[in-house]
Amino acid sequence: MERLHFGVDYYPEHWERERWDTDAKLMQKMGIQMVRMAEFSWHKLQPAEDVFDFAWLDEAIELLGKYGIYTIVGTPTAAPPAWMIHKHPDILPIDRKGRVRGFGGRHHDCQSNPVYREYIRKLVTQMAKHYGENPYVIGWQPDNELGNSHQDLCTCDYCRRRFQAWLQKKYQTADELNRAWGTAFWSQEYNDFAEVPAPRLTVTGENPSAMLDWKRFCSDLIVDFTEEQTKIIRTYAKNQFITHNYMGFANKVDYYKLGELLDFVSHDQYPGGFYLPETPHEKNHVLAATLDVVRSYKNQPFWIMEQQSGITGWETMGRAPRPGQLSAWAMQSIAHGADAVVFFRWRTCALGTEQYWHGILPHSGNPGRRYEELQDFIHEMKPLMDNLQNSMIKSETGIVFSFEQEYAFQIQPHHRDLSYTGQVQKYYRALYEQNIPVDFVPAEGDFQKYRLLIAPLQYLMSPELEDKYMEYVRQGGHLVLTMRTGVKDTNNLCMTELELPGRLSQLAGVEVLDYDCLRDDEVAVLFEGESLQAHIWSDLMRLLPGTETIARYGSQFYAGEPCITEHPYGEGVCYYVGTEPGDALMDKFMARICKESGVCPIMPPVAEVECTIRENDRERFLFVINHAGEAKDYQVPQGWKLLKGRQAGSLGAYETQILSRQQ
Ligand code: GAL
Ligand code: ZN
């Protein structure tokens with residue numbers, strides 16, 4: 001079978017049967033090799049309790065197959081049908097305010113509900129048996145964007161009991177739970193697990209330890225929910241893959257753990273931003289970080305299961321992608337490690353919530369500007385994709401990214417503008433703008449392969465993680481630790497035995513004796529003879545012998561005290577950053593430590609031009625992407641030959657050039 005690299009998300013059930021042939025022909029003409037279908041069509045597949053009807057999907061799969069287009073089947077469990085909800089209303093989820101969320105959107109379900117689970121087992125078994133050996137079906141996507149729409153769901157009795165069982169397994173006794181959660185505060189002691197609630201909205205405040213376990217439980221629930229489906233699919237579909245469409249940095253499920261169930265990770269990439277009025281167009285570095293984190297979840301190439309193909313929007317809309325911009329965005333996905341790109345969606349929908357989330361074709365179904373552009377893109381890229389397949393990005397710099405820290409900061413963000421993911425992306429931005437490739441690494445990951453490791457906000461700390469950081473530096477690594485490190489144990493209780501950052505003081509060479517949350521204020525920082533800005537927070541520290549001050553505070557009552565430090569330890573160096581550096585300070589500090597740790601940029605930076613290198617044993621591929629609507633020049637590095645593009649070094653608006661060289 002040919003290798004598959006380009007596809008679309010297709011909803012034949014939204015259109016008359018007579019149209020399907022035209023769609024298939026148009027898809028084939030533009031180079032589409034696969035579709036994803038059915039991930040929301042539960043009612044069409046099971047119109048009533050005992051009635052299954054796969055005929056329409058069989059027909060669509062077969063018809064597309066005749067045109068050389070393969071199918072990824074979605075299980076439609078994100079949209080339980082009305083007959084089911086009517087018969088079993090307790091499938092509907094209950095939010096933290098105790099309100100039942102109604103039928104009429106999607107994901108109106110409680111993932112603990114045993115009746116819903118039973119329906120899923122039946123349906124997915126039928127589907128897996130039916131399609132498990134269909135030669136046109138290549139793979140599966142269980143549910144859709146798991147964790148999406150699960151903001152504060154569900155707190156029903158099933159979830160409460162499941163949470164209690166989860167806690168009992170973890171803590172064994174109520175005494176142990178009370179200790180771990182610090183329930184002596186405000187008389188929250190439990191005599192029995194049966195007394196523990198699923199956290200509903202309280203009158204004031206919440207127990208941060210209870211909330212952290214609740215978030216872990218909710219993540220585990222999603223993994224368990226998915227595993228039930230993947231087990232069934234693997235039983236009957238032995239030669240088909242299983243993937244899932246992630247949402248970048250979304251935080252409702254631990255994507256590293258979810259990834260263990262999958263053959264590879266997929267992701268939905270919408271650079272134009274989402275449908276909410278307040279969400280802005282995404283910045284290039286955030287888009288790049290998103291793709292890098294997706295690659296990092298399984299540390300392997302990934303697929304894009306939904307790549308923007310037009311204006312995004314539900315009730316309100318985003319900007320029209322400029323000519324060339326859809327291709328530039330798709331190219332960015334490939335440049336960061338995508339082996340396949342599936343566009344969302346084929347034809348702009350005339351029905352329902354997503355009438356303004358535009359597809360490749362407009363409402364009229366007539367091919368236009370977007371069809372032409374993506375057709376050219378696919379035809380040009382297809383011959384290159386086979387060579388690119390399985391090639392990876394090799395980074396000398398890692399940023400530690402962990403869902404545990406994300407959960408802890410959701411519960412106690414400290415400051416209105418502080419978020420864990422946001423902080424991680426601030427460090428990423430400085431590296432991105434200097435053309436330094438980055439991997440994200442879980443706390444359990446391999447640190448040793450990086451020259452430079454950045455570990456922002458290591459708030460929850462365990463003895464194992466402390467040891468790991470110390471070992472990393474001892475063996476020669478360059479490590480950045482920041483404010484709010486080592487504050488809590490893994491139960492989210494404050495540590496009290498040592499000054500901050502606890503045992504890591506030995507490594508960082510500092511003791512934090514006091515701090516200042518800056519609220520709306522900022523602080524000046526003196527760095528290499530300049531006065532620059534920092535925000536959010538100031539750590540006030542005492543240096544241990546051997547620690548050197550890199551930057552000092554230049555304002556506030558602690559003007560003159562150390563703000564950023566450097567401490568040699570073993571063969572390596574640990575930096576400690578006691579604040580959130582503003583962009584200028586961040587850029588300069590990062591440039592300095594990249595140099596000190598021997599990390600090299602791919603090439604000199606040009607504003608709005610992005611570059612990455614994917615490589616395999618034989619060959620390296622350099623992508624240079626112009627995100628600007630005007631021409632840009634860059635300095636072509638020595639020894640590379642042009643694979644795609646007109647004139648190496650001169651980029652037209654939104655143009656990408658690919659260069660290659662032998663290893
Ligand atoms: C994604 C989702 C799709 C569609 C799209 C546009 O988040 O997976 O089903 O809803 O957004 O809103
Ligand atoms: Zn529930």
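Heavy atoms only: backbone and side chains are in, while hydrogens, waters and symmetry mates are out. Atoms within each ligand, like the ligands themselves, are counted from 1 in listed order.
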Contact atoms of ligand 1, heavy-atom distance to [X] under 4.0 Å:
| X | answer |
| --- | --- |
| Phe344 | 3 (C), 4 (C), 5 (C), 6 (C) |
| Asn144 | 2 (C), 8 (O), 9 (O) |
| Phe40 | 9 (O) |
| Asn245 | 8 (O) |
| Glu354 | 4 (C), 5 (C), 6 (C), 10 (O), 12 (O) |
| Asp268 | 8 (O) |

Ionic contact status for Glu260 with Lys257, cut-off 4.0 Å: no

Is Glu306 paired with Arg36 through a side-chain N to carboxylate O contact shorter than 4.0 Å? yes

Classify the ring geometry of [X] against [Y]: parallel below 30°, tilted from 30° to 60°, perpendicular beyond 60°.
| X | Y | value |
| --- | --- | --- |
| Phe409 | Tyr420 | parallel |
| Phe217 | Phe163 | tilted |
| Trp181 | Tyr190 | perpendicular |
| Phe52 | Phe54 | perpendicular |
| Phe264 | Phe241 | tilted |
| Tyr297 | Tyr246 | tilted |

Short N/O distance, under 3.5 Å, between [X] and ligand 1?
| X | result |
| --- | --- |
| Glu145 | yes |
| Glu39 | no |
| Tyr11 | no |

For ligand 1, indicate whether the residue [X] contacts it via side chain, backbone, both or neither (heavy-atom separation under 4.0 Å).
| X | value |
| --- | --- |
| Glu306 | side chain |
| Thr312 | neither |
| Arg106 | side chain |

Is the Lys NZ or Arg CZ of Arg347 less than 6.0 Å from the centre of Trp15's six-membered ring, within 45° of the axis? yes

Row for the Zn ion (ligand 2): angle SG (Cys156) to SG (Cys159), 10° precision, value 120°

